[in-house]
Amino acid sequence: SFVHQKCRNIDTVYLGSNIHRLNVPDNLVKWSQEWSGYNPPAHTDPKVDGAVWADPEIDEKTFQPSWNAIDGKINRVSYVCQYSFDPVTLRPLNPIGRTGLSGRGLLGRWGPNHAADPIVSRTNDNGDLEFVAVQRHDNGEWAIPGGMVDAGEHVSQTLRREFAEEAMHGIVDSENLDELWNNGKELYRGYVDDPRNTDNAWMETVVFNFHDSKGLLKNVALQAGDDAKALRWIAVNSNEPLYASHSHFIDLLKESHSH
Ligand code: RP5
Ligand code: MG
Ligand code: MG
């Protein structure tokens, strides 16, 4: 079964900190594997601490979230499973298992942090399937131009908004692309092996493919914006390394276009 890798990386510090994860061997990832002395470093980024877009500390009296449920405008449901809780700290537990770091790191929500990933694709003049990728500001890796679902936002809005922000330089998307956005196909819904994940906070996403079979994007200026510093089309067969588990999503894209 699937074990996360990128959120167990001990070769570099956790992004934006000088903290190293505790090494978690493959066979001890699952919480069901006994590890009595497991005591990873704790880290919540100062940017998250007290931020309006983030949850408060878990033991704050006023914080009464509905776990494993739609909690007002916040989706606290995991696409993976009903998550459980650390019996001592009462923090949600990463459904894949240990990451060697507790707390929230750079993530705002305890438990699932929901994102959406728009894969905008086309077949180029050489007949190659390619997709729009952006280079992330935070760690320089190439990625699908996805982002977090805002409180109360519908995933279909997030997909469109994030693509406009990161790949159209924030230009409010014109009606030109309505046909593209209205014909998306869901490829994936679930956990993301994101390097920011911790034992108590993790990324989940919905991945949609918007394939431009009519050349609608020929009339649109694609340009990196927001938290993207560069943009280019990447051929699915180039096997370029991508951020988090985005390579897996591109494999699903290939599969969906192969028949
Ligand atoms: C990944 O992080 C998701 O797949 C999505 O692409 C991205 C969302 O986070 P930000 O781009 O907003 O940092 O886990
Ligand atoms: Mg964004
Ligand atoms: Mg983003």
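Whatever order the structure lists them in is the order used to number ligands and atoms, beginning at 1. Keep in mind it's a predicted model, so treat the numbers as computed, not measured.
No heavy atom of Glu162 sits closer than 4.0 Å to any atom of ligand 1.
The Mg ion (ligand 3) has an N, O or S atom of Gly146 under 2.8 Å away, backbone or side chain.
A salt bridge does not link Glu153 with Lys73: every distance from a Lys NZ or Arg NE/NH1/NH2 to an Asp or Glu carboxylate oxygen is 4.0 Å or more.
Partner of Arg21 under the side-chain contact (heavy atoms from CB on, under 4.5 Å) criterion, out of Asn9, Asp11, Thr99: Thr99 alone. Applying the side-chain contact (heavy atoms from CB on, under 4.5 Å) test between Phe210 and each of Leu217, Asn182, Val132, Leu180 identifies Leu180 as the sole match.
Close placement of the Trp202 and Tyr83 rings is indicated, their centers lying within 6.0 Å of each other.
The distance criterion of under 3.5 Å between nitrogen or oxygen atoms is met by Asp194 with respect to ligand 1. Residue contacts with ligand 1: Glu166 is placed with no nitrogen or oxygen under 3.5 Å of a nitrogen or oxygen of the ligand (distance criterion only). The distance criterion of under 3.5 Å between nitrogen or oxygen atoms is met by Arg196 with respect to ligand 1. Residue contacts with ligand 1: Asp138 is placed with no nitrogen or oxygen under 3.5 Å of a nitrogen or oxygen of the ligand (distance criterion only). At least one N/O-N/O distance between Gly146 and ligand 1 falls below 3.5 Å. Any N or O atom pair closer than 3.5 Å counts here, and Asp227 shares no such pair with ligand 1.
Remark: ligand 1 atoms within the under-4.0 Å shell around heavy atoms of Met148 are 9 (O), 12 (O). Of all atoms in ligand 1, numbered sequentially from 1 with element shown, those under 4.0 Å from a heavy atom of Asp117 are 3 (C), 4 (O), 5 (C), 6 (O). Distances below 4.0 Å separate heavy atoms of Arg136 from the following atoms of ligand 1: 7 (C), 10 (P), 11 (O), 13 (O). Numbered from 1 in the order shown, with element, the atoms of ligand 1 that lie under 4.0 Å from a heavy atom of His246 read 1 (C), 3 (C), 4 (O), 6 (O).
Between Tyr188 and His248, the ring-plane angle classifies as perpendicular under the 30° and 60° cut-offs. Aromatic ring pairs are classed by plane angle as parallel below 30°, tilted from 30° to 60° and perpendicular above 60°; the pair Trp67 and Phe63 is perpendicular.
With a heavy-atom cut-off of 4.0 Å, Met203 touches ligand 1 through its side chain alone.
The minimum heavy-atom distance between Leu15 and Asp138, with the atom names listed, is CD1-O, 3.6 Å.
A cation-pi arrangement is present between Arg98 and Tyr38 under the rule of less than 6.0 angstrom and at most 45 degrees off the ring axis.
Closest approach between the Mg ion (ligand 3) and any N/O/S atom of Glu166 involves OE2. Summary: OE1 is the N/O/S atom of Glu162 found nearest to the Mg ion (ligand 2).
Heavy-atom neighbours of His20 NE2 from other residues, nucleotides or ligands within 6.0 Å: above the threshold of 12.
Nearest to atom 8 (C) of ligand 1 among the protein's heavy atoms is Gly147 CA, 3.7 Å.
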Side chain to side chain contact (heavy atoms under 4.5 Å, CB included) between Leu222 and Met168, worked out:
CA-CA 5 Å; Leu222 296 179; Met168 294 168 68; 4.0 Å; yes
